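Numbered from 1 within each chain, the chains take letters A, B, ... in sequence-line order. The structure displayed is predicted, hence computed values, not measured ones.
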2 protein chains.
Amino acid sequence: MKASPRPCSIADTLALVGEKYALLVLREVSLGVYRFDRIARNTGAPRDILTARLKRLVEAGILEKVPYNERPPRYEYRATEAGAELQPVLVTLMAWGDRHLNADARPVVLEHDCGEVLSPRLVCAHCGGEADRGSLSHHVRSPGWTTTGPVETAAGGGEA
Amino acid sequence: MKASPRPCSIADTLALVGEKYALLVLREVSLGVYRFDRIARNTGAPRDILTARLKRLVEAGILEKVPYNERPPRYEYRATEAGAELQPVLVTLMAWGDRHLNADARPVVLEHDCGEVLSPRLVCAHCGGEADRGSLSHHVRSPGWTTTGPVETAAGGGEA
DNA sequence: CCGGTGAGTTGGATTTTCAAACCCTCTTGT
DNA sequence: ACAAGAGGGTTTGAAAATCCAACTCACCGG
């Protein structure tokens with residue numbers, strides 16, 4: 001019995017993309033910047049760290065190497081389908097920063113198909129209603145865990 | 001001319017919540033776990049790191065300390081309005097992990113008001129249409145930057 | 001041949017993380 | 001009263017990650 005953290009998809013996802021620069025690499029790729037040197041410059045990541053991140057993201061199936069030159073072998077890093085599905089994470093992070101940190105001058109603006117500047121909104125795919133703090137409830141399905149913490153293994157299962 | 005990284009709200013936001021455990025702390029708070037010890041156990045964060053993260057998140061206006069006991073002074077950490085607005089980031093991270101890492105057994109399930117299990121979808125607040133890779137375009141508004149990189153200060157501004 | 005570009009690799013200094021122990025202030029049990 | 005325990009940290013030193021500059025290797029252009 002040694003204090004393992006809560007099982008959670010957020011933690012699992014962050015284990016792949018939560019290291020420093022990983023999401024910035026994804027940002028660059030989603031902006032169309034696919035090559036090592038330019039990703040390094042645009043993110044500010046040291047080159048050795050970038051090497052490690054790219055390797056990890058490729059292994060995780062988030063990026064893939066696409067050759068663009070033989071002799072010497074050179075690759076571009078492009079998002080896989082799984083990688084592209086991380087875009088909502090980037091968009092919501094950006095929206096938060098735009099609102100709370102850069103309210104007066106957003107460095108990058110996203111434009112939606114409809115012609116408007118994107119204000120992203122998270123909704124329920126079933127009913128289309130907003131999915132925010134007030135409209136969501138959590139159900140923990142991991143054995144041994146409740147919403148607030150691990151189940152005490154005897155001697156008074158209740159919470160403080 | 002010393003290679004500064006791209007100005008970007010994603011990077012700015014990650015500077016606040018991108019350090020290890022920061023988003024897991026927010027996850028716990030959004031699950032209703034407000035106290036030091038329990039957050040430490042549920043996230044697995046070492047206590048000294050947790051102290052540092054909580055301090056930073058409070059300073060950033062994402063969490064606030066609410067006293068629940070004097071003598072000795074004890075506080076709960078609760079999300080501010082700004083902190084609550086990070087929920088979409090947590091939800092999209094969780095959705096990705098649920099799909100790509102825990103497809104067979106989601107550790108936590110979110111239920112929406114409408115009675116269904118939440119499938120989050122990111123849409124444009126204006127037109128209501130899906131906001132994904134295909135329907136978005138980027139416009140870089142930082143002086144000296146284009147979509148793919150910094151503007152070369154002379155001698156041929158083009159890209160490789 | 002010389003300089004330059006792209007994509008790394010290597011070595012060593014600096015920061016962070018980590019784990020365990022310690023501290024202080026109450027509260028509870030006997 | 002006294003010992004034990006809970007809650008919320010701080011301290012200490014070892015282990016890991018990050019940073020940065022320099023170096024390599026393969027090619028290209030002149």
In whole angstrom, what separates D37(A)'s CG from dG8(C)'s P? 9 Å
Solution key, residues 6-16 of chain B side-chain donor-acceptor pairs under 3.5 Å, sequence neighbours excluded:
from   : atom 1 : to      : atom 2 : distance (Å)
R6(B)  : NE     : E28(A)  : OE2    : 2.7
R6(B)  : NH1    : T146(B) : O      : 3.3
R6(B)  : NH2    : E28(A)  : OE1    : 2.8
R6(B)  : NH2    : E28(A)  : OE2    : 3.3
R6(B)  : NH2    : T147(B) : O      : 3.0
S9(B)  : OG     : D98(A)  : N      : 3.4
S9(B)  : OG     : D98(A)  : OD1    : 2.5
S9(B)  : OG     : N102(A) : ND2    : 2.8
D12(B) : OD2    : N102(A) : ND2    : 2.9
T13(B) : OG1    : L93(A)  : O      : 3.2
T13(B) : OG1    : G97(A)  : N      : 3.3
T13(B) : OG1    : S9(B)   : O      : 2.8

Salt bridge (charged side-chain N to carboxylate O under 4.0 Å, His left out): which pairs involve residues 74-94 of chain B, sequence neighbours left out? R99(A)-E85(B), R35(B)-E76(B), E76(B)-R78(B)
If I take atom CZ in residue R35(B) and atom C1' in nucleotide dG9(D), what distance separates them, rounded to the nearest angstrom? 15 Å
Listed by chain and number, what are the ring pair (Phe, Tyr, Trp, His ring centres under 6.0 Å) partners of H112(A), not counting sequence neighbours? none
Below 4.0 angstrom, which residues in residues 16-27 of chain B have at least one non-hydrogen atom near DNA chain C? K20(B), Y21(B)
Nucleotides 24-26 of chain C: which of its N/O atoms have a protein N/O under 3.5 Å away?
from    : atom 1 : to     : atom 2 : distance (Å)
dC26(C) : OP1    : R71(B) : O      : 3.0
dC26(C) : OP1    : P72(B) : N      : 3.2
dC26(C) : OP2    : R71(B) : NH2    : 3.1

To the nearest 0.5 Å, what is the distance between OG on S137(A) and CD on E111(B)? 4.5 Å
side-chain N/O Y68(B) vs dG8(D) OP1/OP2, d < 4.0 Å: yes
Out of curiosity, does L110(A) fall in the hydrophobic cluster containing L31(A) (side-chain heavy atoms, cut-off under 4.5 Å, transitive links)? no
For residues 45-63 of chain A, which residues have at least one heavy atom under 4.0 Å from DNA chain C? R47(A), D48(A), T51(A)
Whole-Å distance, N42(A) CG to dA7(C) P, equals 13 Å
Side-chain donor-acceptor contacts of residues 45-53 of chain A below 3.5 Å, not counting sequence neighbours, with atom names and distances?
from   : atom 1 : to     : atom 2 : distance (Å)
R47(A) : NH2    : D37(A) : OD1    : 3.1
T51(A) : OG1    : R47(A) : O      : 2.9
R53(A) : NE     : K20(A) : O      : 2.8

With sequence neighbours excluded, give me every salt bridge (charged side-chain N to carboxylate O under 4.0 Å, His left out) pair touching residues 64-73 of chain A. none
As an exercise, state the distance from CG of L86(B) to CZ of R27(B), rounded to the nearest 0.5 Å. 15.0 Å
Rounded to the nearest 0.5 Å, the OH atom of Y21(B) sits from the CG atom of L57(B) at a distance of 14.5 Å
Pairs in or reaching into residues 134-151 of chain A: which pass salt bridge (charged side-chain N to carboxylate O under 4.0 Å, His left out), with residues at least two apart or in two chains? none
Kindly state each residue pair satisfying salt bridge (charged side-chain N to carboxylate O under 4.0 Å, His left out) with at least one member in residues 112-125 of chain B, sequence neighbours excluded. R121(B)-E130(B)
Residues in side-chain contact (heavy atoms from CB on, under 4.5 Å) with A82(A), at least two apart? T80(A), W96(B), H100(B)
Report yes if a side-chain nitrogen or oxygen of Y77(B) is closer than 4.0 Å to either non-bridging phosphate oxygen (OP1 or OP2) of dG7(D); otherwise report no. no
Is L24(B) reachable from V33(B) through a run of I, L, V, M, F, W or Y residues, each pair having side-chain heavy atoms under 4.5 Å apart? yes
Angle by which the axis turns from one end of the helix from dC1(C)-dG30(D) to dT30(C)-dA1(D) to the other, five pairs per end, to 10 degrees: 10°
